[in-house]
Amino acid sequence: MKESILALATGMVVGFLFALFRLPIPAPPVFSGIVGIVGIYLGYRLFTWIAPIFQSSN
């Protein structure tokens, strides 16, 4: 949980600095982009959960 809070705080600071210096945001600017990133993570976690099942059947 501490890691997640630190990541969120760091992201907020970076977002604030980018807005302060009027730079383009270094992340997907729309909700669908964020959902896509979450989907990539969930797909990766699903593979690491399922892969051992296929390896043990050989």
Side-chain angles (χ1 to χ4, degrees):
M1 185 67 171
K2 179 181 175 183
E3 184 177 276
S4 297
I5 293 171
L6 288 173
L8 178 63
T10 302
M12 290 177 69
V13 169
V14 169
F16 182 87
L17 291 173
F18 271 71
L20 179 67
F21 293 113
R22 302 191 195 295
L23 297 170
I25 189 168
V30 293
F31 184 69
S32 61
I34 295 167
V35 171
I37 291 170
V38 171
I40 291 169
Y41 174 76
L42 292 176
Y44 177 84
R45 298 301 298 168
L46 179 65
F47 177 81
T48 59
W49 182 65
I50 292 176
I53 295 170
F54 291 113
Q55 291 174 352
S56 64
S57 65
N58 288 338

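These values consider heavy atoms only, across backbone and side chains, with no hydrogens, waters or symmetry-generated copies.
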Applying side-chain contact (heavy atoms from CB on, under 4.5 Å) to Leu23 and Phe18, what does each step give before you reach the verdict? CA-CA 5 Å; Leu23 297 170; Phe18 271 71; 3.6 Å; yes
In terms of hydrophobic clustering (I, L, V, M, F, W, Y; side-chain heavy atoms under 4.5 Å; direct or indirect links), are Leu8 and Ile5 co-clustered? no
Are Leu20 and Val14 linked, directly or through other ILVMFWY residues, by side chains that come within less than 4.5 angstrom of each other? yes
Do Phe47 and Ile40 share a hydrophobic cluster, counting only Ile, Leu, Val, Met, Phe, Trp and Tyr and linking them when any side-chain heavy atoms are less than 4.5 Å apart? no
Heavy-atom check, side chain of Phe16 versus side chain of Val13, under 4.5 Å: no
Kindly give the cluster partners of Tyr44, where membership spreads through any ILVMFWY side chain lying under 4.5 Å from a current member. none
Give the cluster check for Leu42 versus Ile50: same hydrophobic cluster or not, with ILVMFWY residues linked at side-chain heavy-atom distances below 4.5 Å. no
Stepwise, does the side-chain contact (heavy atoms from CB on, under 4.5 Å) test hold for Arg45 with Tyr41? CA-CA 6 Å; Arg45 298 301 298 168; Tyr41 174 76; 3.5 Å; yes
